[in-house]
Amino acid sequence: MEKPHIAVVPSAGFTHLVPILEFSKLLLHLHPQFQVTCLIPSVGTTPSSSKAYLQTLPPTIHSILLPPISTEHVAEDTPLAVQIELSVTLSLPYIKQELKSLCSRTTYVAALVVDVFAHDALDLAREHNLSSYIYLPQSAMMLSMYLNSTKIDEMLSKEHRDPQELIQLPGCVPLHSRDLPLPFHFRSSIVFRKLVQRAQKFHLVDGIIMNTFLELESGTLLLLLYYLHSYVFFLVA
């Protein structure tokens with residue numbers, strides 16, 4: 001009998017492909033009753049580094065290279081993070097087609113796991129009644145920043161704010177504003193608007209996969225579990 005599938009969608013690029021597939025390897029090591037099908041968007045020709053890496057995958061991970069999309073209509077000055085998200089948005093028809101085919105020809109598709117920049121694909125999980133998960137290859141503190149992005153914006157926008165005033169996130173160590181991720185330094189830009197949009201998607205999934213462990217960020221994780229008590233968290237380290 002065929003093993004149940006987990007569908008995985010990275011965003012375009014070698015540095016997004018490898019982390020989510022390394023997680024997939026670990027997942028299958030811990031739960032060998034599953035197999036993974038990875039639907040891979042690309043912009044232009046797939047890099048040779050990605051092709052070489054895909055050849056090293058175990059037989060329980062099947063990769064499908066989606067037709068490359070073109071971003072020629074995207075302005076040259078479009079920030080890289082926005083281009084990465086667009087690579088998935090423009091690939092949605094191909095992702096939908098492959099996911100529909102997978103659901104129709106296999107015994108059971110259990111879940112859809114998407115890279116944080118591939119959140120537009122989450123709608124397809126609802127269409128096929130699949131559990132959905134966001135893969136965030138960063139820490140619990142970064143998740144807290146996502147979830148508190150509008151509050152951070154309000155703090156930084158205070159009139160006469162002391163630039164030395166620390167940013168205090170629930171359960172996290174205080175931060176100087178200069179140490180916040182780059183989008184928070186350009187809050188009127190599309191990069192920050194996209195970050196806020198990604199943050200909203202964390203409330204629509206069944207679970208979040210983070211790159212951390214309890215002993216490292218126990219305070220942050222406990223606060224997240226308190227506020228997001230209906231979620232399932234997977235910690236990878």
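- Atom CD of Q138 is separated from atom OH of Y146 by 6.0 Å, given to the nearest 0.5 angstrom.
- Salt-bridge formation is detected for the pair R198/E85: a Lys NZ or Arg NE/NH1/NH2 atom is positioned less than 4.0 Å from an Asp or Glu carboxylate oxygen.
- Looking at every heavy atom in both residues, P10 comes nearest to L39 through CD-O, 3.2 Å.
- A 4.5 Å side-chain heavy-atom check between F202 and I134 finds at least one atom pair inside the cut-off.
- Rounding to the nearest 0.5 Å gives a distance of 9.5 Å between CG of L143 and OG1 of T220.
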> Taking it one step at a time, do H119 and Q200 satisfy side-chain hydrogen bond (donor to acceptor under 3.5 Å, both in side chains)?
Replying inline: CA-CA 10 Å; H119 57 80; Q200 294 169 348; over 6 Å; no

>> Please determine whether side-chain contact (heavy atoms from CB on, under 4.5 Å) holds for the pair V109 and T37, giving the CA-CA distance in whole Å, both sets of side-chain angles, and the decisive distance to 0.1 Å.
In response: CA-CA 10 Å; V109 180; T37 297; over 6 Å; no

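- Under the 3.5 Å distance criterion, the side-chain polar atoms of S91 are left unmatched by any main-chain donor or acceptor of Y94.
- Rounding to the nearest 0.5 Å gives a distance of 11.5 Å between CD of Q55 and OG of S50.
- Of the possible donor and acceptor atoms, none in the side chain of D179 sits under 3.5 Å from a partner among the backbone N and O of L175.
- Put simply, OG on S48 and CZ on F14 are 9.5 Å apart, with the number rounded to the nearest 0.5 Å.
- Using modelled atom types and a 3.5 Å distance limit, the side chains of E217 and T212 yield a donor-acceptor pair.
- Atom OG of S131 and atom CG of D206 lie 4.5 Å apart (nearest 0.5 Å).
- P58 places a side-chain heavy atom less than 4.5 Å from the side chain of K25.
- S188 and R193 make their closest contact through O-NH1, 3.4 Å (heavy atoms, listed as atom of the first residue, atom of the second, distance).
- Nearest heavy-atom pair, S132 versus L204, reported as atom, atom and distance to 0.1 Å: OG-O, 4.0 Å.
- Annotation: H5 is not in aromatic contact with F34 [ring centroid separation under 6.0 Å not met].
- V9 approaches I20 most closely through the heavy-atom pair O-CD1, 4.0 Å.
- Between Q164 and R178, the shortest heavy-atom distance links the atoms OE1-NH1, 4.4 Å.
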> Do F186 and V191 pass the side-chain contact (heavy atoms from CB on, under 4.5 Å) test, and can you show the C-alpha distance, the side-chain angles, and the key distance before you say yes or no?
Replying inline: CA-CA 8 Å; F186 300 94; V191 176; 5.9 Å; no

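- In this structure, L221 and M210 have side chains that are in contact, with non-hydrogen atoms separated by less than 4.5 Å.
- Counting all heavy atoms, side chain and backbone alike, M145 lies closest to I152 at O-CD1, 4.0 Å.
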> Going through the checks in order, is the side-chain hydrogen bond (donor to acceptor under 3.5 Å, both in side chains) test met by S157 and R187?
Replying inline: CA-CA 9 Å; S157 300; R187 299 189 314 283; 3.2 Å; yes

>> Under the criterion side-chain contact (heavy atoms from CB on, under 4.5 Å), I'd like the reasoning laid out for L147 against H203: C-alpha separation, chi angles, the key distance, then a yes or no.
In response: CA-CA 9 Å; L147 298 177; H203 296 281; 3.8 Å; yes

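- For the ring pair (Phe, Tyr, Trp, His ring centres under 6.0 Å) with H16, the lone residue among Y53, F117, F23 that qualifies is F117.
- Going from atom OG1 of T46 over to atom CG of L66 covers 9.0 Å, rounded to the nearest 0.5 Å.
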>> Test side-chain contact (heavy atoms from CB on, under 4.5 Å) on L156 and S177; report intermediate values, then the result.
In response: CA-CA 8 Å; L156 295 176; S177 58; 3.7 Å; yes

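- The main-chain N or O of L122 is never found under 3.5 Å from a side-chain atom of K201 such that the two would form a donor-acceptor pair.
- Taking the side chain as every heavy atom from C-beta outward, P68 and V43 never approach each other to under 4.5 Å.
- A 4.5 Å side-chain heavy-atom check between H62 and Q35 finds every atom pair outside the cut-off.
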